[in-house]
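The structure appears below as structure tokens.
Every chain is numbered from 1 and lettered A, B, ... according to where its sequence line falls, protein lines coming before strand lines.
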Amino acid sequence: MPIKEAEKSYDHDKIEKKVQKFWKEEETFKKVNELREKGPRYSFLDGPPYCSGKIHLGTAWNKVIKDSYLRYKSMNGFSLRRQAGWDMHGLPIENKVEHLMDIQSKQDIEENIGIAKFVDKCREFAIENKIAMEQQFDQLGVWMDWDDPYMTLDPKYMESSWWTLKRANEQDLLVNDQRVISWCPHCGTALAAAEIEYEEKVDPSIFIKFPVTGEENTYFLVWTTTPWTLPANLAICVNPEFDYVYVSKDGETYIIAENLMETVLGKQVKIRRTKIPAESEDEEDKVIEEKEVMYEVIKTVKGEDLVGMAYDYILADEIPKQMEFDSEIEKVHTILPGDHVELGEGTGLVHTAPGHGPDDFEVGQKFGLPIFCPVGEDGCFTEDAGKYDGKFTKEENDQIIEDLQAKNLMYRVETIEHRYGVCWRCKTPIIYRATKQWFLKVTDIKDKMLDEIDKVEWVPKWAGEGRFHDWVDNARDWTISRQRYWGIPIPIWECPDCGELKVIGSLDELKQESLNEINVSDSELIHRPYVDEVEVKCDKCGATIKRIPDVLDVWIDSGVAGWASLYYPEEKEKFEDWFPYDFITEGHDQTRGWFYSQLGTGVISMGKSPYQKVLMHGFVLDENGNKMSKSLGNVVSPEEVIEKYGADVLRFYLLWASKPWDDLKFVWDELLNVNKMINILWNVYVFSTTYMSLDNFNPNEITEDDIILRSEDKWIISRVNSLVKDVAEDLDNLFFHKATRKIYDFILDDLSRWYVRLIRGRTWVESDDPDKLGAYYSLYTALVKLISVLCPIAPHVSEEIYENLVKGVNPEAPESIHMLNWEYDAEAIDEDLEAKMDVARQVIDASIRARDMAQYKLRWPVSDITVVSPDENALKAISELEDIIKDQSNTKEVLTAAEFDKLSFNAKPNLKILGPKLKGDMGKVVKGLKAADGNQIKAELDANGTVTIEGIELNSEEVLFDSELPDDFVSSEFDGGNVFVNTNVTLEIRQEAMARELIRRIQDMRKDLDLDVEANINVDVETSQEFKDLIVPQSEVISHEVRANSLIITDTEECSKDSKDYTKEWDIEGEKVIISIKN
RNA sequence: AGGCUAGUGGCACAGCUUGGUUAGCGCGCUCGGCUGAUAACCGGGAGGUCAUGGGUUCGAAUCCCAUCUAGCCUACCA
């Protein structure tokens, strides 16, 4: 089968659909994997995207990096595991389902809908979303094992996470503790640090007067932005090191940190200046200064002097519970020392509510304060809050302020704009609550985690060394319990009587331990609510015990993917083959997410990091550098791009536009560049197939004897092999931007703009000319190599070209381009030749530039050009590639020289030196130099170092030269020297030039007629006697170039033409020329 | 408040590791050319205080310090 002529234009939609259909029907992905089965393993783990239903450009980028890299690895012979992963549990889905089912609260779920139904809905929703996203990835041409993915809702996956918790418990890393944690009042659950986002929020900023017990009109000034925590206030902290002042103002005394006094109370002394104009000019204006003291400092004490003082609780009437504490516990409502108190904001006296702040909690524990938290899981005050019972915390801010104002305990009320934490999904501002939660004691394994980070190879380096290291270093214990429904149930059964824990590590274990009969599927059994019903026996006291009701933080779900996706430890074989992973890659948001959760659970389960190399990639931003978000309305969807330009263009663009670890500004105009590149590749392909199919070219039937390879042929073959080599290096380093930019430059510069241009003439030759076949062969080789480099990145268009170019002529060829090995021919690389070609190109560019500036048409030949360069290697390159230069510069001869001897020089005196030296004799020398032949003077100076003018000896410093080009020359610079073009038009040149002019017009007319490239024509030309004489000697050339069977050139008078022929009248260099053609 | 990253013509980027001609490329703009790859190509031109300020050096886009701006991450912003 021969090479087929390609479709004239690049239709991405048609090609990509066709290729994807081919992959599906032929199960190409599977076959490629089988092909590499025996190769060395390269293990990769897909970070599971959350099943939100829609992928965005960031997700697309992520998968494109993975896909391109893995396709490359596969071509290098590695056996891969390309299992897709899906993150399918968690609050985001619960929130969406709540929305769909119009659910308002947890109570709704538990009492009206039922957990079973709610969980079912969540499962259904997650699976629907997964399917939708699969299609989107598929459209991108991402090759992953979509049929056998790992899913966090898979019971076999989930039991692995149970095992991890069991491991944690064995190492005493699993603890239940009362602590103050972040809490989402809407979702009614604890949140981990990773689940909190920050937004600008406006909150009250109030200064409260806490009356000092037993001292009339004396107050501690305290600042807070959360009035709703005041009902839980149990103490005030001061820093024992700081100085505090007693200030008397408006009849009251305030205690405040000295450094913050003026910030809060204002300037202590105000100065008013009154100017009294002077009465006469001799006197100066009088200024009267009046000092007004706003308040007075009575005394200064150290913070530690305040410690132990008591204050009257400010909401004593509203909250009876508070007064119980007051009477029972000594430290309640007193001043306590705290090193955490700083002077950045506030008053230096910190309102302390152990139930509402992590620091406060610690202080409370230290001094034996009760952990008083009169707020329920819905964010509403409880009975303990007395007057405020049942009200939502944040909404009660105003009421509390009002109550305090009524008691005259408010010093000042303002608002403040600051960043405040919100729930990552429902955007509700979080509150701090003291609750009992389950924790992984990350603080105990932190050192090990930090060690492991150092062993991992990070790309870029700062991702691990800076960012991630910092995050882990600052990590607190990980709150893993969630008071929700759709998640992995925490496998802890706790005995209410003796407190004994039983942590179940697998489904089998659960079934064995269960006291109930189990008659539901594994998938149901391992989810709520079924697992809640399973009762087991307490190992210690024998009591029948139930599971704690919480589910796991979803970050655990994905954190355990390394072994859970391999069903370890229930299954061992695959685990041993693939764990730990050679490579993972995710966005920089995953520093605190997946990179962290895997490392934590990995150290707990395996004692090491599950990954060995990490590429941390950037974010896709809009063209202004802003994050794409629905609220800004600047989101560009991958589908939109694919529809306009296709998946290959998008894929290439994503890897080309920025360094992988930098953020990527998505700019539509830039996409056009890539689109253009692919179009040009396609044009080269069309160009190739047009001639190759015409000549029935079959590369497999060519032997060395059939072809002649010119320098440019060897050059392009060398270049393409260099490309393969260089791109491999870049891809190995994960420098996708460098790899794609090299490919881009190769297609545009080397292949299209240079090589195709060089060989254009040769493709016009008919018959099996070895020179033409040499061009075909080289072009073919270059194209096939090129697509094999391109195919990991733009897999569709490469496959399409491969199908025709390779499979079309070789039935034995692998059935997909993705089955090729990544190879290059080191022997074919000739760096010396590549360097020489660079010189030749520059010379040609320079000569064209020179002609262009002189408005000497390139179409007209010149008799010679002279390349002048001091660099011998450059001159050598030029003579070696002389034919190319001749052809492309349209010159009959290429001369080289170290110096251009046709330059004429005019000598002139160096006035700066000669002026002072000669004085009166200057005139003579000026005249003499002007009259003399500059060239002669230069020669003499070069030879002797001196020259004598009018009897005066001058040295080379004293004479300057202007160089002058002869009229017939134009010149232009290139990197290594100058090119001089001889533009003298001889008769011969004029003849050839006019022939070219004529040819150009006939070609133009052929095009008008839309003739086939190979069609023959008959041409009549009528023109003046003079013009006829110029072109007749060129008849043969003209006929050949325009494929004319006959060419009749006549004087105007003799003319008689057939009116049916296509006839056009032209003006060529002032001559009237009438051309008729017929085919 | 701390950490990380970045700031180079209108736009998007390279160069910075290892200091050294006239800071480079593409797009865009503009003027001109070419015409059998033509939705292509070639040439000329305008357009840059390399964020700012210091320092080191014979010499700084590049190294150092400080500042500003932006993005991200973090924080016990009470």
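- As rounded to the nearest Å, B:rU30 and B:rC16 have P atoms that lie 34 Å from one another.
- Contacts of A:Val684 with the nucleic acid, taken as non-hydrogen atoms under 4.0 Å apart, include base atoms.
- At the heavy-atom level, A:Val341 lies under 4.0 Å from base atoms of the strands shown.
- Evaluation of the ring-ring contact (aromatic ring centres under 6.0 Å, His included) rule for A:Tyr653 yields A:Phe666 as partners, not counting sequence neighbours.
- Of the candidates B:rC77, B:rG44, B:rC42, B:rG44 carries the atom nearest the A:Arg849 side chain, counting heavy atoms from C-beta on.
- For A:Lys394, the salt bridge (Lys or Arg N to Asp or Glu O under 4.0 Å) test picks out A:Asp203, with sequence neighbours left out.
- Every side-chain hydrogen bond (donor to acceptor under 3.5 Å, both in side chains) that A:Tyr776 has, sequence neighbours left out, goes to A:Asp695.
- A:Val686 comes within contact range of no nucleotide atom at all, as no heavy-atom separation falls under 4.0 Å.
- Applying the salt bridge (Lys or Arg N to Asp or Glu O under 4.0 Å) test to A:Lys644 and every residue at least two apart in sequence or in another chain returns nothing.
- Applying the side chain to side chain contact (heavy atoms under 4.5 Å, CB included) criterion to A:Ile848, with sequence neighbours excluded, gives A:Arg757, A:Ile844, A:Leu858.
- With a cut-off of 3.5 Å on both pairing distances, the Watson-Crick and G-U wobble pairs of RNA chain B assemble into stems of 3 or more at B:1-7 with B:68-74, B:29-33 with B:41-45, B:51-55 with B:63-67.
- Which of B:rG26, B:rC77, B:rA40 sits closest to the side chain of A:Tyr744 comes down to B:rG26.
- In this structure A:Ser205 satisfies the side chain to side chain contact (heavy atoms under 4.5 Å, CB included) test together with A:Phe207, A:Trp223, A:Glu414, A:Ile416, sequence neighbours excluded.
- Note that the NE2 atom of A:His12 and the OH atom of A:Tyr10 stand 7.0 Å from one another [nearest 0.5 Å].
- Distance from the side chain of A:His588 is smallest for B:rC72 among the nucleotides B:rC72, B:rA78, B:rC42.
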Identify the pairs formed between an N or O of the protein and an N or O of nucleotides 32-36 of chain B at a distance under 3.5 Å, and give each distance.
| residue | atom | partner | partner atom | Å |
| --- | --- | --- | --- | --- |
| B:rC34 | O3' | A:Arg859 | NH2 | 3.2 |
| B:rU35 | OP1 | A:Arg859 | NE | 2.3 |
| B:rU35 | OP1 | A:Arg859 | NH2 | 2.6 |
| B:rU35 | OP2 | A:Arg859 | NH2 | 2.4 |
| B:rU35 | OP2 | A:Arg1000 | NE | 3.1 |
| B:rG36 | N7 | A:Gln1003 | OE1 | 3.0 |
| B:rG36 | O6 | A:Arg1006 | NE | 2.0 |
| B:rG36 | N1 | A:Leu1011 | O | 3.2 |
| B:rG36 | N2 | A:Leu1011 | O | 2.8 |

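- Applying the salt bridge (Lys or Arg N to Asp or Glu O under 4.0 Å) rule to A:Asp13 yields the partners A:Lys17; only residues at least two apart in sequence or on another chain are considered.
- The residue A:Ser9 sits apart from the nucleic acid: no heavy atom pair falls under 4.0 Å.
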Walk along nucleotides 2-15 of chain B from 5' to 3' and tag each nucleotide B, S or - by protein heavy-atom contact under 4.0 Å, base first, then sugar-phosphate. -BBS------SSSS
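- Not counting sequence neighbours, A:Glu362 has no partner by the salt bridge (Lys or Arg N to Asp or Glu O under 4.0 Å) test.
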List the steps and the verdict of side-chain hydrogen bond (donor to acceptor under 3.5 Å, both in side chains) for A:Glu997 and A:Trp860. CA-CA 8 Å; A:Glu997 294 289 349; A:Trp860 294 25; 2.7 Å; yes
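- Partners of A:Tyr432 under the side-chain hydrogen bond (donor to acceptor under 3.5 Å, both in side chains) rule, at least two apart in sequence or in another chain, do not exist in this structure.
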